[in-house]
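Right, one structure below, let's go through it.
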Amino acid sequence: MTDGAVDIPPYRYTAGMAADIEACWQDYWSEHSTFYAPNPAGPLSDPNHPRAGAPKLYVMDMFPYPSGSGLHVGHPLGYIGTDCYTRYFRMAGYNVLHPMGFDAFGLPAEQYAVQTGTHPRITTEANVERYRGQLRRLGLAYDDRRSVATTDTEFYRWTQWIFLRIFNSWFDPGAQKARPISDLISAFESGARVVEDGRPWAELSPVERREVIDGFRLAYISEAPVNWCPGLGTVLANEEVTPDGRSERGNFPVFKRSLRQWMMRITAYGDRLLDDLERLDWPEKVKTMQRNWIGRSRGAHVDFATDGGAPIRVFTTRPDTLFGATYMVLAPEHELISSLVPAAWPADIPDVWTGGHATPGEAVAAYRLSAGAKSDVERQADAKEKTGVFTGAYAVNPVNGARIPVFIADYVLAGYGTGAIMAVPGQDERDWAFAEVFDLPIIRTVQPADGFDGKAYTGDGPAINSVSVSGLSLDGLGVTEAKAKIIDWLEAQGHGVGAITYRLRDWLFSRQRYWGEPFPIVYDATGLPIALPESMLPVELPEVEDFSPRTFDVDDADSMPETPLSRAKEWVEVTLDLGDGPQLYTRETNVMPQWAGSSWYELRYLDPSNKDELTSPENEKYWMGPQEPGDVGGVDLYVGGVEHAVLHLLYARFWHKVLFDLGHISSEEPFRKLFNQGYIQAYAFRNDRGTPVPAEEVQERAPGQYYYNDAKVTREYGKMGKSLKNVVTPDEMCERYGADTFRVYEMSMGPLDVSRPWETRAVVGAQRFLQRVWRLVIDEQTDATRVADVPLDEETRRLLHRVIAGVRVDIEEMRFNTAIAKLIELTNRVTQVSADGAPREVVDPLVRMVSPFAPHLAEELWQRLGNDSSIAYADFPVADEAFLVAETVKYPVQVNGKVRGTFEIAADAAEDAVREAALAEVEAQLAGKTPKKVIVIQGRMVSIVV
């Protein structure tokens, strides 16, 4: 003891020693290109690499957005997990590709540029370098030759190239795949395909031909309802709008506006995106989320005749309930309303139908004005209170000829289905509520289950009240049979057709921003888009003084977008020779959404230095191609958060399928296997004013009693963030404990796919484990290697091989916490029996097994054990099966359900011997009684019934 403090041995594994070891080995790995994975072809091939020609493994993390605040301890959870996984498989003999890049376009960098006047490229590149430094400090084994950022000009050149492939393609419904647009043009020119209006192709003007073709492209311009966010000054995709109708970024109100925007025809791939989910090794939760988002519904389009001429078409998933349709409802924006509304109200209608207005025209105009002030989300949220107005018009129910009133109501949306519904109140709760308010008839067409006494019946049952005077009858049929019969009847009578619809909408692909990929598109005098030739790629972002789009009052729904690029006049107006001599063109001034780069980056990792191809076919087929018939191919393991289930993952699948259809890649899907890691959450503390206080300085003085500077505070649990003063950075952890300790702690906190609370004080447990591993090899007083060439006792040997077998399975199944628990058990056992030096027979495999989790420490110990090459390519231990067979088994003995004793017997003992031993063990408890039953469960237990 010295002045009351414990002397620390000079060669103990401390945070300071860890820092030196870690920096040394990180330099070594960089200098020796340790984690470079050889390609089969091209500049990244290396026939002399130790894993050239070995089985391959391609593992990816969802790449981060490099913000200025850097990483907190929650961010690298998945990265460390994949690093442990890939380090193991590299040692197990695989050629492992594990790259990392940066998703660097987007709103945060642009907003920072607007606030500071600093070009977003400058801040983005600085943030990328900071992230690279933080990731390097954690010892992550990336092939850094393959690192990309979506903002790299050479990267977004290929993003633009893919856009041109999509723009120059159309979806052939017969072949169910994308084909070059040139095939479509040839079909029109040859007469194999006819223009919709019947005119010969030769009679169309050049502009008319372009318009026809543009209507088929997978990337197209549309005047369509979009999500307009005045507070951000840009439009948003449906997936970027929260359920309460606000922007995901910034939480601003979002409004429906009709604007001219770029769209991607992702709906053409609805069936394939849905059906191919069955072929993916993904969490069922994510598959369900995509199924629900795509929202495929089978049913029928039904036409209801009107006095206005044009019929009202509805889509229904339950055409079997047509006999129960007693009224119709149109969205207030429906295009047929103006042609349906008569000059005066029909006779004898209830007052509640008119809304208090003198004429149908006045009633409809007033209601449309009221509905137009609400967003779609507000309309759906307010749907419990049913409002609407009668249009004054009637439609004819095709199955029974009944004239049914046509209403407008804001609970029906123009953007969903056909914007019109047939209302069947007997089978739909919303329709029942509306019918009650407006005194409309209710007819049940499905027999409710016995005992049902509610209002609308939404369950299955036989059809009732479904017979027409023409002889059509559905009565008694189940739902499936009734649907099939009514669809056949509708088609035969010309009143409708069987159909499939989708909730999925085409992908809105324009953003009114600066910091994004420019479109490789120009416009000529006709205003129609023209694709630039590949020789003109990349189209680079121009330098501008003002990065900000024009924003508006957050509630100004009538505002119009104004893009930053539109102000760069010298860039926008450009003279080009596109084959017809120099002409003046106008560039597209929108940019692509942030999702563009992340929709294909897994392909660029394969061949990042290839200037002639997106990726060479040989490299793509090696890393991502199908491994067997029926295999979709793709990345072998993709790890990231479940929050990307619909946005990124759906978009990436769409782009990948287009590239597959066009023959550019061999894999049908981008990600064969998906794993969603959990989150690291944190406790936050608030004082009596509700203000957060620094979590690190809070003391727990009694169970559940927390204090900050002697003042009691309350604890809450949730996100980690600066505003809550509970952020812990990996830099802090590396400084206080070392990167390896931080890695081991994060992997030992619990299952990787489960969220867990951060507890800094618990990190010391991981540090003590690594210190024990260090002491097995190194003398803390002299720094000498203390491993001994002495025999290993039999019990420890058997434990060693059980741990080897268990750790291999745990890592392969990504159960890192249980793998570490097994290593701790083995380390504790060896520590107990090795006071004079640990046997090499156990230390060598232990260090190898620790390597995926604590790679710097393992490299250092590996070298101290006399090895002169990196442990990264040492063989991972393999268990000897002979030592996995237990010599004896311990049996608990139950008497009438309660354990009354235990005994140990040879593992291969016969059942009779086990029974005799059990009876002998509990002889005193039996007190001479003869058992009714003696049940032997071999290798597990004996149960005796007296």
Side-chain angles (χ1 to χ4, degrees), residues 105 150-170 178-185 206-207 209-222 260-265 507 509-544 563-597 599-600 603-604 610-615 655 658-659 662-664:
F105 272 128
T150 56
T151 51
D152 295 341
T153 304
E154 188 59 25
F155 182 92
Y156 75 70
R157 168 199 173 191
W158 292 103
T159 306
Q160 293 171 342
W161 182 90
I162 296 172
F163 175 85
L164 291 179
R165 303 280 76 69
I166 298 172
F167 176 76
N168 286 318
S169 300
W170 65 292
R179 293 173 56 189
I181 207 76
S182 57
D183 292 356
L184 181 66
I185 295 172
V207 171
R209 292 177 188 172
R210 286 173 62 184
E211 289 174 335
V212 169
I213 295 301
D214 286 352
F216 285 86
R217 295 183 188 274
L218 284 177
Y220 64 98
I221 295 174
S222 172
R260 186 175 163 85
Q261 300 290 319
W262 278 100
M263 310 289 287
M264 289 270 183
R265 210 179 298 275
W507 177 9
F509 202 69
S510 297
R511 297 296 181 273
Q512 291 69 47
R513 313 296 310 184
Y514 169 73
W515 194 232
E517 298 93 337
F519 283 88
I521 293 290
V522 294
Y523 300 90
D524 61 11
T526 68
L528 298 176
I530 299 173
L532 291 175
E534 291 177 28
S535 60
M536 292 187 178
L537 301 183
V539 178
E540 297 190 38
L541 276 171
E543 296 294 326
V544 298
T563 67
L565 291 182
S566 65
R567 299 190 284 266
K569 298 300 183 185
E570 292 184 1
W571 181 82
V572 173
E573 296 178 357
V574 59
T575 299
L576 301 171
D577 186 349
L578 300 181
D580 297 323
Q583 295 185 36
L584 183 65
Y585 296 94
T586 303
R587 293 191 189 275
E588 171 62 70
T589 60
N590 289 301
V591 295
M592 299 183 200
Q594 183 178 353
W595 309 105
S599 292
W600 73 279
L603 293 167
R604 195 58 182 169
N610 193 331
K611 296 185 180 298
D612 301 317
E613 298 172 290
L614 183 77
T615 179
W655 275 35
V658 175
L659 291 171
L662 299 176
H664 297 295

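Computation of the quantities below employed the complete heavy-atom set of this structure, encompassing side-chain atoms and omitting hydrogens, waters and symmetry-equivalent molecules. All of these numbers come straight from a predicted model, not from anything done at the bench.
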For residues Arg217 and Ile181, determine if any side-chain heavy atom of one lies less than 4.5 Å from a side-chain heavy atom of the other.
yes

In a check of side chain to side chain contact (heavy atoms under 4.5 Å, CB included) between Phe105 and each of Tyr514, Trp595, Tyr156, which one passes?
Tyr156

Would you call the rings of Phe163 and Phe167 parallel, tilted or perpendicular, taking 30° and 60° as the class edges?
parallel

Output field: ring centroids Tyr220/Trp170 closer than 6.0 Å:
no

Considering all heavy atoms of both residues, which atom of Pro529 and which atom of Ile221 are nearest to each other, and what is their separation?
CG-CD1, 4.1 Å

Could you tell me the separation between the CZ atom of Arg513 and the CG atom of Asn590, rounded to the nearest 0.5 Å?
11.5 Å

Please report the shortest heavy-atom distance between Gln512 and Pro564, naming the atom on each side.
O-CD, 3.8 Å

If every non-hydrogen atom of Thr150 is compared with every non-hydrogen atom of Phe155, which pair is closest and at what distance?
CA-CD2, 3.5 Å

Using atom types as modelled and distance alone, determine if a side-chain donor or acceptor of Ser510 lies under 3.5 Å from a backbone N or O of Trp262.
yes

Between Asp524 and Arg210, is there a salt bridge with N-O shorter than 4.0 Å?
yes

Exercise: identify the closest heavy-atom pair between Ala531 and Asn168:
CB-ND2, 4.2 Å

Can you list the steps and then say if Arg511 with Glu517 is a salt bridge (Lys or Arg N to Asp or Glu O under 4.0 Å)?
CA-CA 10 Å; Arg511 297 296 181 273; Glu517 298 93 337; over 6 Å; no

Hey, could you give me the OG1/CD1 distance between Thr586 and Ile530, rounded to the nearest 0.5 Å?
10.0 Å

So, using ring pair (Phe, Tyr, Trp, His ring centres under 6.0 Å) as the criterion, who are the partners of Trp161 when residues are at least two apart?
Trp158, His664

With rounding to the nearest 0.5 angstrom, report the CD1 to CZ distance, Ile166 to Phe509.
6.5 Å

Minimal non-hydrogen separation, Leu578 against Pro533, with atom names
CD2-CD, 3.8 Å

Donor-acceptor contact below 3.5 Å, side chain Arg165 vs main chain Leu659
no

For Val574 versus Trp571, what's the shortest heavy-atom pair and its separation?
CB-O, 4.2 Å

Under 3.5 Å donor-acceptor, Glu573 side chain and Leu584 backbone:
no

When you measure from the side chain of Asn610 to the backbone of Glu613, do you find a donor-acceptor pair of N or O atoms at a distance under 3.5 Å?
yes

Hey, does the side chain of Arg604 reach the backbone of Leu614 with a donor-acceptor pair shorter than 3.5 angstrom?
yes

